[in-house]
Structures are given as C-alpha cells and as structure tokens.
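Here's the structure we're looking at; comments come further down.
Atoms within a ligand are numbered from 1 in the order they appear, just like the ligands themselves.
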Amino acid sequence: MPRFVRRQYAAAGGYVFAKSAEEIARENGLDRVARLASNENPFPPSDAAVAAGLAALKEGNRYPAGHPDAVFRALKAVHGDHAFIIGNGMDGVIETVMRTVVDPGDRVVVSTPTFSFYGLAAAAQGAEVVNVPREPDFSADAGRFIEACRGAKLAFLCTPNNPTGNAVPVETVREILDGIDCLLFLDNAYIEFSDIDYRPLMKEYDNLIEGRTMSKAYSLAGLRFGYAFVPDRLLPHLDSASTPFAVNTVALAAAGAALADQAHIREAVAHVRGWRDRFMAEIPLPVTPSDANFILVDVAPLTGDEAMERLAARGVIVRSCRSFPGLEDHYIRVSIGADWENELFLRGIAGL
Ligand SMILES: *Cc1c(COP(=O)(O)O)cnc(C)c1O
C-alpha cells in the first residue's frame with residue numbers, strides 16, 4: 001500500500017480519458033483529425049456566451065458572488081420555478097449530492113453499463129457501489145432496479161444513457177420512483193437531443209434529482225458548468241455541502257448568456273438529429289437507437305480498441321467502450337460532429 005494514499009486510489013485507475021487529437025495526429029502523420037470521442041458539440045459557444053465570458057474575465061480579480069442570482073434567474077427563465085443547484089460541471093453537482101447524502105458504507109446503486117463517474121465519486125465517499133445490469137437491448141428493467149435499491153441511499157440512472165444512447169421512458173422512471181425509498185439521481189446530460197421531458201416528475205416526487213450539463217448541447221464543455229433540479233427540502237443541505245465558489249466567474253457569465261440564447265442550441269440539436277438519422281441508416285454495423293448526440297456501434301468481431309485504432313489511423317477519434325463496466329468488449333461510441341468529421345467517420349467505418 002503506498003504511504004498516505006487511501007485504499008481506493010492505491011491502484012492506478014480513475015476516469016478514462018480519450019486520447020488527445022494531437023497524439024493521434026502525431027502517431028498517424030495526419031494534419032487534422034475528427035474528434036468524435038467525447039460527445040462534445042462541434043460548434044463553438046454562442047456569440048452571446050463568448051461576449052459575456054470575455055467581459056467577466058476582466059473581473060477575474062474578484063471572487064464570484066456567493067449566490068450568483070443572474071444564473072439562477074436564467075435557469076428559471078428556461079425551466080420555470082424549480083429549486084436548482086449549480087456546480088463545476090455536472091460532475092461537480094454529483095460530488096455535492098454524494099457529499100450531502102452518502103456516508104461511508106452506504107449503498108449506491110448504478111444502472112450499468114453507464115458513465116463511470118458515479119461509481120468513482122461514490123467510491124471516493126467510501127460507499128459500497130452496486131451495479132444493476134441493463135437488459136440485453138440496454139433497456140432498464142424497473143423491477144430489477146427497484147430490487148437493487150432496497151436498503152440503498154442513492155441510485156443513478158442515466159437517460160439518455162451514456163454510452164448506449166437509449167432513453168428510459170418517463171413511465172418506467174415513474175414506476176421506479178414509486179417502488180424505491182432512496183434518492184434517485186436522473187442524469188439528463190443529453191436530454192436536449194431527445195423528445196423526452198422528465199421535469200414534470202419534479203413536482204410529483206421529493207426523492208428525485210435531475211442533473212443537467214451545459215457541456216453537450218450548449219457547447220460549454222471547457223467551461224465546466226452543470227446544474228440540477230433538486231427537491232426543495234434538500235436545497236439548503238446541498239448548498240451547505242457544496243464547495244464555496246464552485247463555479248468560476250467566466251463560466252457563470254457564459255452559462256447565463258448561453259441559457260438566454262435558445263436559438264443557438266436549437267440549431268445544434270437540429271444538426272445532431274439530422275446526422276443521427278444518417279448515421280443510423282448508413283453505419284453498416286449493428287447500432288443502438290439513440291436519443292443522444294452519439295451512437296453505440298457493435299464492431300464485433302473487433303474489440304473496441306481495435307476498431308478505435310483502425311479509425312484513428314484514418315483520422316477519426318472515437319471512444320472505445322472497453323472501459324465501461326458491464327459492457328462486452330466489442331463496441332465503440334461515436335459522437336456526432338461537424339459535417340466533415342461525420343463524412344470522414346462514415347467512410348472510415350465502411351472500410352473497417
Ligand atoms: C458528459 C457527461 C456528464 C458530465 O458533464 P460535465 O458537466 O461536463 O461534468 C455527466 N453525465 C454524463 C452521462 C455525461 O456523458
């Protein structure tokens with residue numbers, strides 16, 4: 001055991017990052033590469049968001065407001081009157097929730113295969129993580145999920161799910177909420193690309209949190225701004241567990257302006273939906289129907305890493321899904337990017 005280091009960090013591991021575009025370009029002697037591994041928005045943030053961020057940078061000598069009212073007003077203008085918390089990305093929001101409710105030894109349930117950060121953050125808190133596998137078609141079975149939640153403190157359900165792309169119907173979420181006693185964190189990082197609206201559930205249940213991020217549809221991945229709809233009664237406790245000044249001044253200003261510019265995100269969403277249909281039709285391998293800005297592709301008999309390496313040699317970075325727990329090792333996840341990136345991917349996958 002390394003000196004000073006906690007048990008959960010003794011072995012190497014943690015979040016698996018995509019290879020950098022620079023690395024791939026260098027390794028393969030390419031001028032430019034298509035960056036389709038991280039589900040980012042290929043378009044820059046809206047002009048209004050950039051202008052607001054630049055202006056805010058000039059006040060970088062000051063701490064942000066303790067309670068940044070403008071961004072909460074912007075959230076309420078978009079979503080109506082809910083209780084919100086904000087954080088340094090949705091990852092920051094997840095950490096706040098974890099710190100607020102999870103004691104060491106508590107059980108945290110995760111519907112898998114899914115985003116790895118729930119398990120990592122739960123382990124950091126000393127929780128016992130229980131993975132509930134999804135069905136072979138990646139749908140979530142309510143009965144199985146409810147069963148696993150017995151005696152748990154907190155549960156995570158990602159919808160639309162990363163990396164499978166499919167969404168859990170509102171009725172299934174309602175069935176789950178009716179059957180559990182613990183807190184449910186619904187991760188809606190990709191909700192803007194779907195037709196589903198889980199927000200009405202916030203009025204019906206007091207054990208539901210809906211997490212959102214501005215990293216995907218809103219083009220602000222580099223700024224790290226996430227938020228969540230939370231039950232009123234939890235708000236003061238979440239606020240007291242949160243890191244002070246968790247969101248920086250530039251991100252606050254840019255996020256507020258980006259929320260006010262809904263036309264910008266409508267454009268990005270229309271782009272994704274158009275290409276999603278084309279990807280579904282033209283990828284010559286089995287794909288999972290997606291409500292998100294990415295698609296899971298079954299590359300068997302290749303492994304995820306083999307397919308990723310072959311595409312990288314053709315200038316396209318996709319995500320090998322090898323590291324997703326609960327997923328067999330023959331999948332890649334491809335994000336919908338700019339037109340040229342998507343064309344390059346379709347040519348690459350056809351020649352795999
Ligand atoms: C990208 C992503 C997030 C994290 O978003 P940040 O706001 O960038 O921290 C959360 N959940 C899922 C499923 C994601 O894919």
Measure from every N or O atom of ligand 1 to the protein's N or O atoms and keep only the pairs below 3.5 Å, writing each with atom names and distance to 0.1 Å.
unit_1	atom_1	unit_2	atom_2	d
ligand 1	7 (O)	Met90	N	2.6
ligand 1	7 (O)	Thr213	OG1	2.5
ligand 1	7 (O)	Ser215	OG	3.4
ligand 1	8 (O)	Ser215	OG	2.6
ligand 1	8 (O)	Arg224	NH1	2.6
ligand 1	8 (O)	Arg224	NH2	3.4
ligand 1	9 (O)	Met90	N	3.1
ligand 1	9 (O)	Asp91	N	3.1
ligand 1	9 (O)	Asp91	OD1	3.3
ligand 1	9 (O)	Asp91	OD2	3.4
ligand 1	9 (O)	Arg224	NH2	2.8
ligand 1	11 (N)	Asp187	OD1	3.4
ligand 1	11 (N)	Asp187	OD2	2.5
ligand 1	15 (O)	Asn162	ND2	2.9
ligand 1	15 (O)	Tyr190	OH	2.6
ligand 1	15 (O)	Lys216	NZ	3.0

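- One finds the CG atom of Asp141 at 9.0 Å from the OG1 atom of Thr172 (value rounded to the nearest 0.5 Å).
- At a threshold of 4.0 Å, the pair Arg278-Glu343 counts as salt-bridged, since one of the basic side-chain nitrogens sits closer than that to a carboxylate oxygen.
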Which atom pairs, one a donor and one an acceptor, fall under 3.5 Å between side chains of residues 181-188 and the rest of the protein, sequence neighbours left out?
unit_1	atom_1	unit_2	atom_2	d
Asp187	OD1	Ala189	N	2.9
Asp187	OD2	Tyr118	OH	2.6
Asn188	ND2	Thr159	O	2.8

Candidate pair Glu171 and Arg174, rule salt bridge (Lys or Arg N to Asp or Glu O under 4.0 Å), full reasoning: CA-CA 5 Å; Glu171 278 320 303; Arg174 188 175 269 122; 2.6 Å; yes

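- Residues meeting the side chain to side chain donor-acceptor pair (under 3.5 Å) test with Glu309, sequence neighbours left out: none.
- Residue pairs that meet the ring pair (Phe, Tyr, Trp, His ring centres under 6.0 Å) test with at least one member in residues 277-299, sequence neighbours left out, are Tyr190-Phe294, Trp275-Phe279, Phe279-Phe345.
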